[in-house]
Amino acid sequence: METGAIPLNHVQHLQQLVRQRTVVMGILNVTPDSFYDGGRYARLEVAVQRALQMVEEGADILDIGGESTRPGSQPVSEEEELRRVLPVIEAVREQVDIPISIDTTKSRVAERALQAGACMANDISGLGFDPRMARVVAQYGALCCIMHIQGTPQTMQQNPHYDDVVRDISGYFEERLALAERAGVPREHIWLDPGIGFGKTVEHNLEILRRLRELTAFGLPLLVGTSRKSFIGRVLGDLPPEQRLEGTAATVAIAIMNGANAVRVHDVKEMVRVARMTDAVLGRDG
Ligand code: 7PJ
């Protein structure tokens with residue numbers, strides 16, 4: 001059983017950091033069809049350059065993903081996902097000492113990424129699509145982000161419905177935490193994420209941000225990903241993704257004020273400043 005590759009120092013470092021100040025997770029999509037930086041970082045060198053730039057800009061962790069999860073997007077095969085992400089993870093690990101999370105719903109992709117030096121699995125299905133995912137996370141001693149989604153990326157925006165969006169998300173977290181613990185993932189290794197945009201209307205997303213504090217009851221780090229998402233475009237009068245920077249900044253500050261411990265963003269330089277400023281107001285260690 002090969003479990004030697006995962007950098008335990010990265011796990012420990014992140015666990016300490018996320019309880020101290022806002023952790024900024026930089027997004028690195030290695031997909032030809034991502035809605036914002038789609039195709040641009042498809043080539044290895046370009047992807048690695050962007051990774052190094054995000055490190056320079058102050059990212060605390062890089063989230064590397066090879067499958068687009070935008071609404072209506074089509075799944076990619078395990079082989080294709082591995083072809084996209086593994087060379088990037090390996091090259092980044094060779095060049096900089098930065099914690100890496102693998103953005104995937106597939107246990108085999110997570111496993112290969114953890115073997116290549118990632119320390120966290122960011123699963124937008126909250127361990128729900130691949131029944132082996134929780135065991136892989138447990139086996140490698142990795143961190144794990146359990147994100148809430150209603151439905152699948154193919155269907156989630158068709159007719160999102162909740163009795164009470166925040167209470168329903170809490171119930172889902174309870175279930176998935178139990179599943180993770182049964183598989184042997186220690187509770188201290190888990191982060192929670194309400195999954196902004198994943199089976200939610202504009203109103204649902206705004207309500208989640210307004211009531212985010214309720215989700216801190218689990219006592220686990222809360223990750224929030226609003227970066228350039230469509231609800232921002234809609235609120236601001238149908239702005240396209242490249243004009244959603246200020247709206248993103250507002251949501252990042254609000255998320256932190258309301259209890260977020262980590263934010264997943266495209267614009268690392270700008271959002272590090274937003275996070276530092278908000279942390280200062282909260283009297284948090286910078
Ligand atoms: C999220 C994610 C998020 C976590 C994406 C996009 C869509 N992972 N992966 N949280 N969003 N944990 O970046 O717009 O909100 S993909």
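Both counts, for ligands and for their atoms, begin at 1 and track the order of listing.
Atoms of ligand 1 found under 4.0 Å from any heavy atom of Asn122 (numbered from 1 in listed order, with element): 4 (C), 8 (N), 12 (N). Taking every heavy atom of Gly225 and a limit of under 4.0 angstrom, the matching atoms of ligand 1 come to 15 (O). Within the listing of ligand 1, atoms 2 (C), 8 (N), 9 (N) sit less than 4.0 angstrom from a heavy atom of Ile124. Using a 4.0 Å cut-off to heavy atoms of Leu223, the atoms of ligand 1 that qualify are 12 (N).
Closest heavy-atom approach to atom 15 (O) of ligand 1 within the set Met120, Lys229, Arg264, Glu67: this belongs to Lys229. Remark: among candidates Ile149, Thr69, Leu192, the nearest residue to atom 16 (S) of ligand 1 is Thr69, based on non-hydrogen atoms.
The neighbour count for Arg273 CZ, taken as heavy atoms of other residues, nucleotides or ligands under 6.0 Å away, does not exceed 12.
The existence of a salt bridge linking Asp60 and Arg21 is confirmed by a sub-4.0 Å separation between a basic side-chain nitrogen and an acidic carboxylate oxygen. In summary, Glu214 and Arg167 do not engage in a salt bridge, as defined by a charged side-chain N under 4.0 Å from a carboxylate O. The existence of a salt bridge linking Arg228 and Asp267 is confirmed by a sub-4.0 Å separation between a basic side-chain nitrogen and an acidic carboxylate oxygen.
Looking at Arg244, its side chain does come within 3.5 Å of a backbone N or O of Leu239 through a donor-acceptor pair.
Note on residues 185-230: pairs passing ring pair (Phe, Tyr, Trp, His ring centres under 6.0 Å), not counting sequence neighbours, are Tyr162-His204, Phe173-Phe218.
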Check residues 93-102 and write down every donor-acceptor pair under 3.5 Å in which the side-chain atom is one partner and the other belongs to a residue at least two apart or another chain.
| unit_1 | atom_1 | unit_2 | atom_2 | d |
| --- | --- | --- | --- | --- |
| Arg93 | NE | Gly117 | O | 3.4 |
| Asp97 | OD1 | His10 | NE2 | 2.8 |
| Ser101 | OG | Asp63 | OD1 | 2.4 |

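Residue-level proximity to ligand 1 for Asp103 is carried by the side chain, the only part with a heavy atom below 4.0 angstrom. Of all the heavy atoms of Asn29, none lies under 4.0 Å from any atom of ligand 1, so neither backbone nor side chain is involved. Neither the backbone nor the side chain of Thr226 comes within contact range of ligand 1; no heavy atom lies under 4.0 Å.
Closest approach of Leu28 to Ala51, counting heavy atoms only: CD2-CB, 4.0 Å.
Using a 4.0 angstrom heavy-atom cutoff, Cys145 counts as in contact with ligand 1.
Taking distance alone, with nitrogen or oxygen atoms compared against 3.5 Å, Asp193 approaches ligand 1 more closely than that limit.
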